[in-house]
Chemist: 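The structure follows.
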Amino acid sequence: MKRLRSLLAGMIAALAVAGLVAPAAAREPPRNDQGEARREAQAGTQLSLREIERRILPQMQGSEYLGPAYDSTARAYRLKFIRDGRVTYVDVDARTGKVIGRSR
């Protein structure tokens, strides 16, 4: 019996090292930020992505729009643009539509 436990413990350790046994945090379902953004917009507590884009895209003339990302914790959109090989991120408060940051 002791040998069986030792063998099982060794097998579990080997599987963990091989990445086949995931830690508990990795088994949690991923956050659905896009779904959260949609629910908030439908509830009227923040602007829709389309409204955010309608306000921001004209300010970025000459840049190619690469797409959005939403952070439900910050309740902000990050819009990604590229111009002359340089990437620019524009962070927008989803509740107000105001630009809260730019980064290159």
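All values below were derived from every heavy atom in this structure, side-chain atoms included, with hydrogens, water molecules and symmetry-related copies excluded.
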Chemist: Do the side chains of Leu49 and Tyr77 get nearer than 4.5 Å, heavy atoms only?
Modeler: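 Tyr77 reaches Leu49 side chain to side chain.
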Chemist: Could you give all pairs that pass the salt bridge (charged side-chain N to carboxylate O under 4.0 Å, His left out) test and reach residues 93-104, with sequence neighbours left out?
Modeler: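 Listed by first then second residue: Asp93-Arg95.
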Chemist: If you compare all heavy atoms of Ile52 against all heavy atoms of Ala94, which two are closest, and at what distance to 0.1 Å?
Modeler: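 That would be CD1-CA, 4.2 Å.
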Chemist: For residues 79-88, tabulate all N or O donor-acceptor pairs below 3.5 Å that involve a side-chain atom, not counting sequence neighbours.
Modeler:
none

Chemist: Taking atom CZ of Arg78 and atom OG of Ser103, what is their separation to the nearest 0.5 Å?
Modeler: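 Separation between the atoms: 4.5 Å.
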Chemist: Picking from Val99, Leu47, Val92, what satisfies side-chain contact (heavy atoms from CB on, under 4.5 Å) with Arg55?
Modeler: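 That would be Leu47; it is the only one of Val99, Leu47, Val92 passing the side-chain contact (heavy atoms from CB on, under 4.5 Å) with Arg55.
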Chemist: Out of curiosity, does Tyr65 fall in the hydrophobic cluster containing Tyr89 (side-chain heavy atoms, cut-off under 4.5 Å, transitive links)?
Modeler: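 Shared cluster, no.
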